[in-house]
Student: 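If you scroll down you'll find the structure; I have some questions about it.
Predicted, not measured: the structure shown is a model, and the values here were computed from it. Every number for a ligand or one of its atoms is a count from 1 in the order of the listing. Counting begins at 1 with the first residue of the sequence.
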Amino acid sequence: MQAFEWYLPDDGEYYTNMKERIPELKDSGFDAIWLPPMFKATGTNDTGYGIYDLYDLGEFDQKGAVRTKYGTLEELRELVDVLHEHDMQVFADVVLNHKAGADETELFKVIQVDENDRTKEISDAHNIEGWTKFTFPGRNGKYSDFEWDFNHFTGIDYDQKNDITGVFKILGDDKHWSDGVSNEKGNYDYLMFADIDHKHPAVKDDLFHWGEWFINHVYIDGMRFDALKHIERDFIKEFVDHIHDVSDKDLYLFGEYWQEDVESKSDYLFEMEYNLDLFDVGLHYNLCQASNDADNYDMRKIFDNSLVQNHPTLAVTFVDNHDSQPGQSLESFVEPWFNKIAYGLILLRKDGYPCVFYGDYYGMGGDNPIEGYKDTIDQLIDIRKRYAYGKQIDFFESEQLIGFTRHGDEEHPGSLAVVISTGDMTSLRMDVGEDQAGKVYVELTGENENEVTIDEDGFGEFEVGPGTLCCWAEKIGFFVK
Ligand code: CA
């Protein structure tokens, strides 16, 4: 589970509340929790991506409080302990692209660049006053005495002296945008705030030191890297190797490379030597598109251009997240009628490592709150745990009708038939295996009361209502939740 959404309250109660929810989440079938960025950010109302100090996990009085939006270091550690007691993994959200909320301004030389093409210079070299000096007075050198100044950054977005906002490239020895980043906007090294220069030896040293410190300071089991397309890939590769070297655990590392096309993600994975997984952004956009286009979308193409189709073992599949939810920077939200279909497609198939979004599960706050659909997701997770094993056969029948079957394995001998209609009520004939001949199948999610008898060839004619997903399995005297 991605265990947070954008509009959680700024009350410092998150870690404590999550701790109470862990037994229930474990019982529902969750094995791992991706926590929100746990570092001191610009203020307690900051989701965590406006990161100020990587060494302050709610321990020092900085940026107006000891706690972060989510609580204190002590409360974080208690949550991590409870997660481990329940045999669940903890993944940390790691923000290495930028820093925000500097302690002091400095004067330094920059060239302003075109926001839409950062390779295009639109000013002469000139001095600005920028927020780039980080001294962390509240931490006072504990854990690291490294202080940041403009030499450790590549760019900034605000000149205080002239009150101008723009993208300013910092000048100096070996100062340039990183080469190993997305070429969107000419060069997408700069995303926001003070952009970290990962080429700088002192920066590298401190971040490597931090990585080792961090995995021992809270006992995490993995890291989710934020904003990878804006970070020099050689740095990430070295950083990942370093983390593996210094950890005695087999940490699970995955990242956000927010690009829809599969080629750029494939190139990235190749250059990283497949040492981390990526979110399947392509599939997310397909799910959105399908939910928007309804019966005009050709469901046979739902996995086209997806990472899970091209790199099935490296794809973290998801429906929505904190950036795609309504009101956020990458708003691209899956329409409610499609929710059950979308989660069925990530939870019940063979490939991908599915990630359930907190907002879809518990609901989302903000000015326009949206209800979650925990019961539906729990039902699908329960079906996943009971039946989603072994061979998978696809029956991608027509634009509005697709289905697939899972044939089980030695420990889970039953078969499962999943059928999806984005059009009218209909049915699909699918193969659940000759060993199932004569067995009676029922629908597991309460959509259909009929019974289907599997014929001698192992096929059944499985019904599905309009605009939904049905799951059929052998009637064996119990019903799923
Ligand atoms: Ca960058």
Student: Is His98 close enough to the Ca ion (ligand 1) that one of its N, O or S atoms comes in under 3.0 Å?
Tutor: no

Student: Return the name of the atom in Asp195, of element N, O or S, nearest to the Ca ion (ligand 1).
Tutor: OD1

Student: Provide the atom name of the closest N, O or S atom of His230 relative to the Ca ion (ligand 1).
Tutor: O

Student: Could you tell me whether the side chain of Leu253 reaches within less than 4.5 Å of the side chain of His244, counting heavy atoms only?
Tutor: yes

Student: Under 3.0 Å from the Ca ion (ligand 1) - does any N, O or S atom of Asn97 fall there?
Tutor: yes

Student: Look at Lys204 together with Glu238 and state whether they make a salt bridge at an N to O cut-off of under 4.0 Å.
Tutor: yes

Student: Less than 4.5 Å apart, any side-chain heavy atom of Met38 and any of Phe214?
Tutor: yes

Student: Does Glu232 put an N, O or S atom under 3.0 Å from the Ca ion (ligand 1)?
Tutor: no

Student: Taking atom NZ as the centre, does Lys301 end up with more than 12 heavy-atom neighbours from other residues, nucleotides or ligands that are less than 6.0 angstrom away?
Tutor: no

Student: Are the side chains of Leu96 and Ile196 in touch, meaning some heavy atoms are under 4.5 Å apart?
Tutor: no

